[in-house]
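Below is one structure; the comments refer to it alone.
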Amino acid sequence: MAADKLPTRAQDFSAWYNEIVSRAELAEHSPVRGCMVIRPNGYGIWELMQQALDRMFKETGHQNAYFPLFIPQSFITKEASHVEGFAPELAVVTVGGGKELEEPLVVRPTSETIIYSMYAKWVQSYRDLPILLNQWANVVRWEMRTRLFLRTMEFLWQEGHTAHETEKEAEEETLKMLGVYRTFAESYMAMPVLTGVKTDSERFAGALRTYAIEALMQDNKALQAGTSHNLGQNFAKAFELQFQNRSGELEFAWNTSWGVSTRLIGGLIMTHSDDAGLVVPPKLASTQLVIVPIFKTDAEQLTVMETAEHVFQELKAAGIRVKLDDRDSLSPGAKFFDWEMKGVPLRMELGPKDVQNNSVVIVPRILLETEEQPKPGKKQKLFIARPALKERILELLEKLQTQLFQNALARREANSIRNVTDYGEMTQLVERDAGFIYAGWCGSAECEAKVKEETKATIRVIPFPEFQSASKPSHCLVCGNSSKQEVVWAKAY
RNA sequence: CGGGGCGUGGCUCAGCCUGGUAGAGCACCUGGUUCGGGACCAGGGGGUCGGAGGUUCAAAUCCUCUCGCCCCGACCA
């Protein structure tokens with residue numbers, strides 16, 4: 001019977017996460033320390049993420065391009081705070097073709113420098129602006145401690161890089177793309193996020209301002225899921241990205257950059273999955289429905305498989321990503337466990353009884369509150385008549401997507417503590433992993449550093465108005481001076 | 001880089017202390033019986049024990065060196 005269970009989230013969250021990544025065959029460690037091999041199940045999620053995001057980028061006027069992996073070392077050093085920020089985590093190539101290189105090449109940790117050096121060649125006039133490009137690429141950052149998807153030395157991402165005529169336009173772009181990330185997180189990943197500004201200490205190296213989307217994982221640690229930077233004219237100045245403005249004067253362009261990475265897959269896992277395994281929202285599931293045929297005799301096998309094949313074709317034609325599990329080496333029960341571990345949103349059980357009744361049994365991966373509730377301790381099983389099948393499946397996929405978001409939102413809200421005014425209380429909250437802690441802040445880096453030092457919690461974000469508490473905090477949680485703004489504290493990945 | 005642990009069929013691990021020439025479970029292959037929540041029986045394939053050196057008649061086991069990995073502490077999407 002109960003063979004080979006996952007460690008539970010309550011027992012050991014980190015072991016639970018690792019086991020899911022491994023058993024759902026999402027990824028594994030490569031022979032090189034800190035790098036990962038993304039297996040088809042994991043890459044399938046990434047491909048669907050890419051498709052959705054790429055469409056959204058195009059809809060907002062961006063085009064894709066590709067810039068090289070190698071960056072001259074001197075480029076990185078041109079923007080002062082950029083070097084400082086990235087120097088410790090650079091991989092540098094010093095030998096090529098058996099010869100020592102005249103100038104070492106940095107393996108891109110991000111591409112601002114090479115991209116803006118090229119933009120400088122392309123721009124003369126305000127008429128050449130804006131430039132709105134994105135690239136899908138891999139980047140390398142020499143990390144000390146790695147976790148699959150959450151932090152690896154090489155990861156896949158997308159980086160948007162734009163150049164604008166005015167500061168206002170750049171700021172609008174930065175916020176627009178943050179909005180795109182938020183929409184993507186909420187409606188595709190079913191992952192609620194806070195939006196807001198990063199403090200100076202968490203700002204991107206070289207940016208004027210960094211905005212982020214922040215999500216709360218099931219262990220109540222925060223995950224920075226995407227960032228959008230207003231770079232001001234910092235890189236334009238470093239790379240002489242200038243244009244002649246409408247009154248004929250030479251001016252530096254205004255840049256933005258924004259990115260999300262394969263880290264999102266880690267966020268997806270830690271947002272929805274449970275002690276039975278991975279849970280993937282329908283919009284990102286490379287298999288949305290799996291058909292498990294059930295039969296005893298040869299005669300039953302014949303009719304069941306025939307029906308299964310019909311159903312398969314019907315759903316496929318309806319645009320549903322469906323799979324027919326015709327493996328004959330596993331019992332149906334074993335297949336149930338297998339697909340639950342892999343997070344497939346809907347399972348169809350199809351046996352002789354169903355064929356006879358001209359219906360099917362659907363078992364959703366998570367409990368759907370909108371459907372008939374199961375008896376206590378039982379799985380939710382929905383009996384669906386064949387004639388209504390296609391419509392019902394599409395409806396259930398949609399409901400499951402919605403339910404996931406609502407569950408995650410309810411969990412985040414239940415683990416958001418507002419109006420914390422006492423530092424001792426805050427310490428205790430952090431200690432017992434209470435979640436997002438809202439409190440006042442005087443704006444000083446000292447207070448921020450003190451909390452990080454003493455509790456390991458950091459300011460995740462200075463939230464946008466929509467996320468702020470009804471009553472504004474009056475004093476800084478740490479020093480007691482008057483509060484400049486409300487901030488959200490949490491331990492983070 | 002500091003502390004802890006580990007390298008034995010594809011995977012998880014036993015054997016090492018008390019040297020005698022490699023074993024279990026899972027997975028895999030073949031055949032049969034099974035199949036509505038992790039099937040069973042029978043047969044079978046596969047490792048020279050991270051690497052190098054040493055001690056010994058004999059090394060997975062003892063000694064030396066070495067490489068690699070994992071976990072915990074200082075950076076980060």
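Quantities reported herein were computed from a predicted structural model and do not represent experimental measurements. Each chain gets a letter, A, B and so on, in the order the sequences are listed, and its residues count up from 1.
Between the CD atom of Q301(A) and the C1' atom of C35(B) there is a distance of 10 Å, rounded to whole Å. The interatomic distance linking H29(A) (NE2) with C71(B) (C1') rounds to 11 Å, in whole Å. Summarising the geometry, the separation between CE on M305(A) and P on C35(B) is reported as 17 Å, rounded to the nearest angstrom.
F467(A) is linked by a ring pair (Phe, Tyr, Trp, His ring centres under 6.0 Å) to nothing, counting only residues two or more places apart in sequence or in another chain. When the ring pair (Phe, Tyr, Trp, His ring centres under 6.0 Å) test is applied to Y116(A), the partners found at least two apart in sequence or on another chain are Y119(A), H161(A), F235(A).
Nucleic acid contact for R347(A): base, since at least one base atom lies under 4.0 Å from a heavy atom of the residue. Within the 4.0 angstrom heavy-atom criterion, no nucleotide atom of any strand lies near G259(A). Nucleic acid contact class of D328(A) (heavy atoms, under 4.0 Å, all strands): none. Here T152(A) lies in heavy-atom contact (under 4.0 Å) with a base.
Contacts of residues 288-299 of chain A with RNA chain B (heavy atom under 4.0 Å): I294(A), F295(A), K296(A). Only S261(A), R263(A), listed by number, bring a heavy atom of residues 261-271 of chain A to less than 4.0 angstrom from any atom of RNA chain B.
Within the 4.5 Å cutoff, no side-chain heavy atoms of V322(A) are placed close to those of T287(A).
Helical stems in RNA chain B, defined as runs of 3 or more consecutive Watson-Crick or G-U wobble pairs with donor-acceptor distances under 3.5 Å: B:1-7 with B:67-73, B:10-13 with B:23-26, B:28-33 with B:39-44, B:50-54 with B:62-66.
A cation-pi arrangement is present between R141(A) and W157(A) under the rule of less than 6.0 angstrom and at most 45 degrees off the ring axis.
U48(B) and G19(B) are spaced 16 Å apart, taking the C1' atom of each and rounding to whole Å.
In this structure, F155(A) forms an aromatic stack with the base of A77(B), since both conditions hold: centre separation below 5.5 Å and plane angle below 30°.
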Side-chain polar contacts of residues 257-270 of chain A - donor-acceptor pairs under 3.5 angstrom, sequence neighbours left out - could you list them?
unit_1  : atom_1 : unit_2  : atom_2 : d
S257(A) : OG     : E112(A) : OE2    : 2.7
W258(A) : NE1    : T256(A) : OG1    : 3.2
S261(A) : OG     : R263(A) : N      : 3.0
T262(A) : OG1    : L156(A) : N      : 3.4
T262(A) : OG1    : L156(A) : O      : 3.4
R263(A) : NE     : L150(A) : O      : 3.1
R263(A) : NH1    : Q224(A) : O      : 3.1
R263(A) : NH2    : L150(A) : O      : 3.4

